[in-house]
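Working notes for the structure below.
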Amino acid sequence: MNVISRVETKYELKPREAAVLSLIVAGHLPCFEYVKGHAITWVTTVYFDTERLDFFRRAVRSHERNLKVRVREYSYRGPNGEVILYPECFLEIKRRLGEGRVVKQRLGLPKTLLGRLLDGEDIWALLAGNGNGAALAERRVIYDEVRRFLTGYALEPRSVVQYRRKVYQVEERDLRITFDDELTIHYPSGRPYERSESLLSPDANHACRRLENVIVEVKCQGKYPDWLELALGRYVPCHVSKFAESMQAVIG
């Protein structure tokens with residue numbers, strides 16, 4: 001999906017608490033595998049900001065009304081621990097509009113084209129390929145909006161976050177619950193994909209911060225089912241933000 005709008009609630013849990021909750025969730029929702037045979041997805045995110053850190057300052061002022069620009073890369077681990085990289089990366093603009101409502105615009109593209117798009121080049125002809133129909137038309141709308149947004153700001157990578165994610169869902173638009181652990185924050189090492197085919201190469205800078213807790217995100221269009229209301233009743237929602245946490249760690 002290129003545009004996603006839903007209510008998002010976050011919880012920061014101790015590993016033991018998250019393990020109990022995940023067992024309950026697994027009894028009601030299937031574990032979703034983006035790549036068959038891989039229940040765990042490694043997510044690496046590069047967050048962008050202006051020279052004055054306008055997005056970070058806005059996020060600090062208001063958790064409920066802010067925006068972030070990020071590039072995401074997904075990877076998996078093979079049977080011998082080898083890294084399997086997803087071939088595309090995803091440029092996302094995520095806006096929080098208040099009362100938990102989140103709208104995310106997402107553009108998938110080859111990693112080799114990311115730098116050219118960030119530099120303002122019109123790469124639509126290279127993205128469109130031989131596609132047609134409604135899906136291509138929707139993709140063009142997202143591309144145009146993302147490109148207009150990028151031309152309005154001079155953005156540079158400011159922080160990098162990596163974590164493991166497990167997803168439970170049937171239909172993403174209805175109810176989606178994610179568990180993120182082993183979260184580490186890193187300094188950016190130049191523009192994405194200038195030096196490596198991965199956003200966080202093995203020789204990247206050591207993590208400047210590690211989070212011990214598990215971040216659980218519940219994303220839903222409407223009312224929670226009764227079983228989920230009961231399961232979450234013992235926990236208090238929080239305003240944890242990977243973007244804000246990573247920026248605070250990087251700038252000290």
Side-chain angles (χ1 to χ4, degrees), residues 1-35 38-45 47 55 58-60 62-70 72-74 76 90 92-106 161-185 210-247:
M1 291 182 292
N2 293 325
V3 179
I4 303 174
S5 176
R6 57 199 173 193
V7 174
E8 178 181 288
T9 307
K10 296 182 180 181
Y11 300 83
E12 186 173 358
L13 305 181
K14 296 179 180 179
R16 189 172 300 177
E17 294 174 323
V20 172
L21 180 60
S22 67
L23 287 176
I24 297 174
V25 172
H28 296 270
L29 292 175
C31 178
F32 184 79
E33 297 179 353
Y34 289 96
V35 174
H38 295 277
I40 298 292
T41 301
W42 285 90
V43 183
T44 304
T45 304
Y47 288 103
F55 301 159
R58 187 183 306 181
V60 171
S62 172
H63 172 77
E64 284 298 331
R65 293 190 178 274
N66 57 65
L67 67 85
K68 55 185 69 102
V69 180
R70 64 195 186 193
R72 276 192 163 171
E73 175 184 270
Y74 300 104
Y76 305 87
F90 297 86
E92 299 179 348
I93 299 174
K94 184 176 180 180
R95 296 176 172 88
R96 298 191 69 92
L97 305 179
E99 299 181 349
R101 176 62 60 181
V102 173
V103 175
K104 181 172 71 175
Q105 297 167 305
R106 175 182 173 98
V161 177
Q162 186 177 52
Y163 52 92
R164 299 192 317 171
R165 167 165 285 185
K166 196 166 187 178
V167 178
Y168 295 92
Q169 69 179 51
V170 177
E171 293 291 338
E172 183 174 355
R173 288 192 183 273
D174 297 331
L175 176 62
R176 170 182 167 90
I177 304 175
T178 59
F179 291 78
D180 299 339
D181 65 2
E182 297 194 12
L183 191 147
T184 56
I185 298 169
R210 300 177 185 272
L211 275 64
E212 300 299 329
N213 289 338
V214 180
I215 298 176
V216 180
E217 299 182 11
V218 181
K219 301 168 184 177
C220 186
Q221 288 286 358
K223 185 179 181 295
Y224 289 173
D226 292 342
W227 66 265
L228 184 56
E229 288 276 11
L230 182 62
L232 294 174
R234 72 189 72 178
Y235 307 118
V236 178
C238 67
H239 289 165
V240 63
S241 165
K242 297 185 183 77
F243 171 54
E245 292 274 351
S246 66
M247 289 298 295

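Positions are given from 1, in the same order as the sequence printed here. On a predicted model such as this, the values are computed, not experimentally measured, just so you know.
Partner Leu232 forms a side-chain contact (heavy atoms from CB on, under 4.5 Å) with one of Thr9, Val25, Val218, Val216 and no other, that one being Val218. When the options Arg70, Gln105, Lys68 are evaluated for a side-chain hydrogen bond (donor to acceptor under 3.5 Å, both in side chains) with Glu92, the one that passes is Arg70.
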What's the verdict on side chain to side chain contact (heavy atoms under 4.5 Å, CB included) for Ile185 and Leu211, showing C-alpha distance, side-chain angles and the deciding distance?
CA-CA 8 Å; Ile185 298 169; Leu211 275 64; 4.1 Å; yes

Report the C-alpha separation of Met247 and Val60 in whole Å, then their side-chain angles, then the decisive distance to 0.1 Å, and conclude whether the side chain to side chain contact (heavy atoms under 4.5 Å, CB included) test is met.
CA-CA 10 Å; Met247 289 298 295; Val60 171; over 6 Å; no

Apply side chain to side chain contact (heavy atoms under 4.5 Å, CB included) to the pair Val103 and Leu97, showing each step before the final yes or no.
CA-CA 8 Å; Val103 175; Leu97 305 179; 3.6 Å; yes

Would you please test Thr184 and Tyr163 for side chain to side chain contact (heavy atoms under 4.5 Å, CB included) and show each step?
CA-CA 6 Å; Thr184 56; Tyr163 52 92; over 6 Å; no

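Taking CG of Leu228 as the reference point, atom CD1 of Ile177 lies at 4.5 Å (rounded to 0.5 Å). The CZ atom of Arg16 sits 15.5 Å away from atom CG of Leu21, with the distance rounded to the nearest 0.5 Å.
The list of ring-ring contact (aromatic ring centres under 6.0 Å, His included) pairs with a residue in residues 215-245, not counting sequence neighbours, reads His28-Trp227, Tyr47-Phe243, His63-His239.
Side-chain contact of Thr45 with Arg72: a donor-acceptor pair under 3.5 Å is present, judged by distance alone.
Remark: side-chain polar atoms of Lys10 are paired, donor with acceptor, to backbone N or O of Val240 under 3.5 angstrom. For the pair Arg96 (side chain) and Val102 (backbone), a donor-acceptor distance under 3.5 Å is absent.
Taking the six-membered ring for Trp and the full ring otherwise, Tyr74 and Phe90 have centroids separated by under 6.0 Å.
Remark: Glu217 engages Lys242 in a salt bridge, criterion side-chain N to carboxylate O under 4.0 Å. Salt bridge annotation for Arg234-Glu17: absent, with no cationic side-chain nitrogen under 4.0 angstrom from a carboxylate oxygen.
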